[in-house]
Amino acid sequence: MENVNNKTIITVLGHDTVGIIAKVCTYLAENNINVLDISQTIVSGYFNMMMIVDMTGAKVPFADCAAALDQLGEEIGVAIKCQKEEIFEKMHRI
């Protein structure tokens, strides 16, 4: 059972282009971050992906991962945001 505190939500939004999933997943794999769940849709040319990842074995701390994915998003023309699952859950409770 993975450590719930190491679960992170990654969202990717932007215009659809070739290779978005590959580039994000390559970064995650290179840093030993495991994808637990992934959902993606394309609506009228807009790409939307949400991933739940486990950072238990990550080679980089959360803050470095979030900064690197933000930079990757800028390079490929999408917005990539990371949030720890417990914060995401608290923010979206009604």
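If you read the sequence from its start, that first residue is 1, and numbering goes on from there. What you see is a predicted model; the values in this text were computed from it and never measured.
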| Can you list every ring-ring contact (aromatic ring centres under 6.0 Å, His included) pair that touches residues 45-77, not counting sequence neighbours? |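 Residue pairs with at least one partner in residues 45-77: H15-Y46.
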If I take atom [atom1] from residue [X] and atom [atom2] from residue [Y], how far apart are they, to the nearest 0.5 angstrom?
X   : Y   : atom1 : atom2 : value
C25 : M49 : SG    : CE    : 6.0 Å
N31 : T26 : CG    : OG1   : 11.0 Å
N34 : T8  : CG    : OG1   : 11.5 Å
T11 : I80 : OG1   : CD1   : 9.0 Å
L36 : M51 : CG    : CE    : 9.5 Å

| message | Has N32 got a side-chain atom pairing as donor or acceptor with G57's backbone, closer than 3.5 angstrom? | response |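 A pair under 3.5 Å: yes.
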| request: May I ask you to decide if T56's main-chain N or O and D54's side chain share a donor-acceptor pair within less than 3.5 Å? | output: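 Side chain of D54 to backbone of T56, a donor-acceptor pair under 3.5 Å: yes, one is there.
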| Does some side-chain heavy atom of N48 sit less than 4.5 Å from a side-chain heavy atom of V12? |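 Result no, sub-4.5 Å side-chain heavy-atom pair not found.
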| message | Quick check: do V78 and L13 have side-chain heavy atoms less than 4.5 Å from each other? | response |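 Sidechains of L13 and V78: no contact.
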Can you hop from [X] to [Y] via hydrophobic side chains spaced under 4.5 Å?
X   : Y   : result
I38 : M50 : no
I33 : I52 : no
L69 : I9  : no

| request: Please report the shortest heavy-atom distance between M55 and C65, naming the atom on each side. | output: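 Closest heavy-atom pair between M55 and C65: CE-CB, 3.8 Å.
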| Residue pairs passing the side-chain hydrogen bond (donor to acceptor under 3.5 Å, both in side chains) test where at least one lies in residues 57-76, sequence neighbours excluded |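 Found D70-K81, Q71-E75.
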